[in-house]
Number of protein chains: 2
Amino acid sequence: MADLDAFDRKLLALVQENARLTAEQLGERVGLSASACHRRLRRLREAGVIEAEIAVVAPETVGRSLTMIVEVSLEREHPHIIDAFKRSMRATPEVMQCYYVTGDADFIIILTARDMKSYERFTQRFFFDNPQVRKFRTFVVMDRTKVGLGVPMDDRDD
Amino acid sequence: MADLDAFDRKLLALVQENARLTAEQLGERVGLSASACHRRLRRLREAGVIEAEIAVVAPETVGRSLTMIVEVSLEREHPHIIDAFKRSMRATPEVMQCYYVTGDADFIIILTARDMKSYERFTQRFFFDNPQVRKFRTFVVMDRTKVGLGVPMDDRDD
DNA sequence: GTTGAAAGGTTATTACG
DNA sequence: CGTAATAACCTTTCAAC
């Protein structure tokens, strides 16, 4: 874990919101020269603090107006079975996020679908046709109240 | 919903993975000139297909090694109460994502925390101290198998 | 309407103090 | 770290399709 100073944290907070800000604009906001900002960002990328810089596409504008969250429980928690399930989730484009969790379920998955019919096909393929899936529970998203990957950058202990 | 051709979809698929690709690099990959790619990206931004371009920060590198997923059920589903809860989630930095859902819960929340103690404080503040929260269920994330906001860009009917 | 090429302005990147 | 030089890139214009 890299040790970041207040400048780094400010820069991260800014680029997490908008990665298109120029080094000069960042410099104005954090009180540093453009080249200093640029150097810091390069280091943060190399250190793996900045994992990626990505464009966020609005799903509904590309015909994917449904978002689902699914809790999946497997038959038995064997490493081999867990790994196979992880791999299939990673390889499936409509799965946006997949988490392996403790608690009353084994996996929580967030995915997009064009419509209910295509989601039904998904459940058939990945859940009903998979004997390792003991049960699953679907939540249909009515409102994406907050969607992001942003991590808080204040140094508070929260 | 904008109608996108195969070039647009290819461009979106690429910039969803890496928003730092130059117009020239994009041009090579999709078979268009750099200026054509640039024009298309500008339109996709203006049309709202590209909502944002953001840096993804690895939570564990900034001291947030815990990710939690929480199902929250409210006492009663009154619009006023729902809205108040949404606002508080949007205003809280440690909440990365919040979805209002149908099914056995009202909200599903994804958040990061420094440690269990700080998560306990979070639950106290937002769940126990909130009389509108009837119950909540926490899943501790053991593995972030797949994390992203990427939307599939193939034109298949899935 | 679209494209590609060439112009100029801006920004990223490196070298140096 | 900042300043300054260079290189790369973005952005617009324009002719042609």
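In the text below, chain A, chain B and the rest are named by the order of the sequence lines, each starting its count at 1.
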Select from A:Arg39 and A:Gln25 the residue whose nearest nucleotide in DNA chain C is closer to the 5' end of that strand.
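First, find each residue's nearest nucleotide; the 5'-ward one identifies A:Gln25.
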Could you pick out which residue, B:Ala36 or A:Thr22, lies toward the 5' side of DNA chain C when each is mapped onto its nearest nucleotide?
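It is B:Ala36, whose closest nucleotide lies nearer the 5' terminus.
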Dot-bracket for DNA chain C, please. Rules: Watson-Crick or G-U, both distances under 3.5 Å, ( ) within the strand, [ ] when a pair crosses earlier ones, | for another strand, . otherwise.
||||||..|||||||||
Are any side-chain N or O atoms of [X] and backbone N or O atoms of [Y], one a donor and one an acceptor, separated by less than 3.5 Å?
| X | Y | value |
| --- | --- | --- |
| B:Glu51 | A:Val56 | no |
| B:Thr92 | B:Val95 | no |
| A:Lys146 | B:Tyr99 | no |
| A:Gln16 | A:Val151 | yes |
| A:Arg144 | B:Cys98 | no |

Of the nucleotides D:dT11, C:dT11, D:dT13, which one has an atom closest to the side chain of A:Arg20?
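Within the option list, the nearest is D:dT11.
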Closest to the A:Leu32 side chain: C:dT3, D:dC9, D:dG2?
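Selected nucleotide (nearest to the side chain): D:dG2.
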May I have the distance from A:Glu24 (atom CD) to C:dA12 (atom P), rounded to whole angstrom?
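Whole-Å distance recorded here is 9 Å.
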Figure out the CZ/C1' separation between B:Phe7 and C:dG1, and round it to whole Å.
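Nearest whole value for this atom pair: 15 Å.
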Minimum heavy-atom distance between A:Pro59 and A:Thr112, given as atom pair plus value:
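Closest approach of A:Pro59 to A:Thr112, heavy atoms only: CB-CG2, 4.4 Å.
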Which atom names give the shortest non-hydrogen contact between A:Ala34 and A:Ala23, and what distance separates them?
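Smallest interatomic distance, heavy atoms only, reads O-CB, 3.5 Å.
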Taking side chain as C-beta onward, heavy atoms only, is [X] less than 4.5 Å from [Y]?
| X | Y | answer |
| --- | --- | --- |
| B:Met142 | A:Thr102 | yes |
| A:Tyr100 | A:Ile108 | no |
| A:Arg20 | B:Arg45 | yes |

If you round to the nearest 0.5 Å, how far is CE of A:Met153 from CD of A:Glu17?
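The distance works out to 11.5 Å.
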Let's see if you get this right: which residues in residues 8-18 of chain B place a heavy atom under 4.0 Å from DNA chain D?
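Of all residues in residues 8-18 of chain B, none places a heavy atom under 4.0 Å from DNA chain D.
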Is the shortest side-chain N/O distance from B:His38 to OP1 or OP2 of D:dT11 below 4.0 Å?
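Result: yes.
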Have a look at B:Ser35 and say if it touches a base, only the backbone sugar-phosphate, or nothing, with a 4.0 Å heavy-atom cut-off.
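Base contact - B:Ser35 has a heavy atom under 4.0 Å of at least one base atom.
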Using a 4.0 Å cut-off on heavy atoms, which residues in residues 40-55 of chain B reach DNA chain C? List them by number, or say none.
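Only B:Arg40, B:Arg43 qualify.
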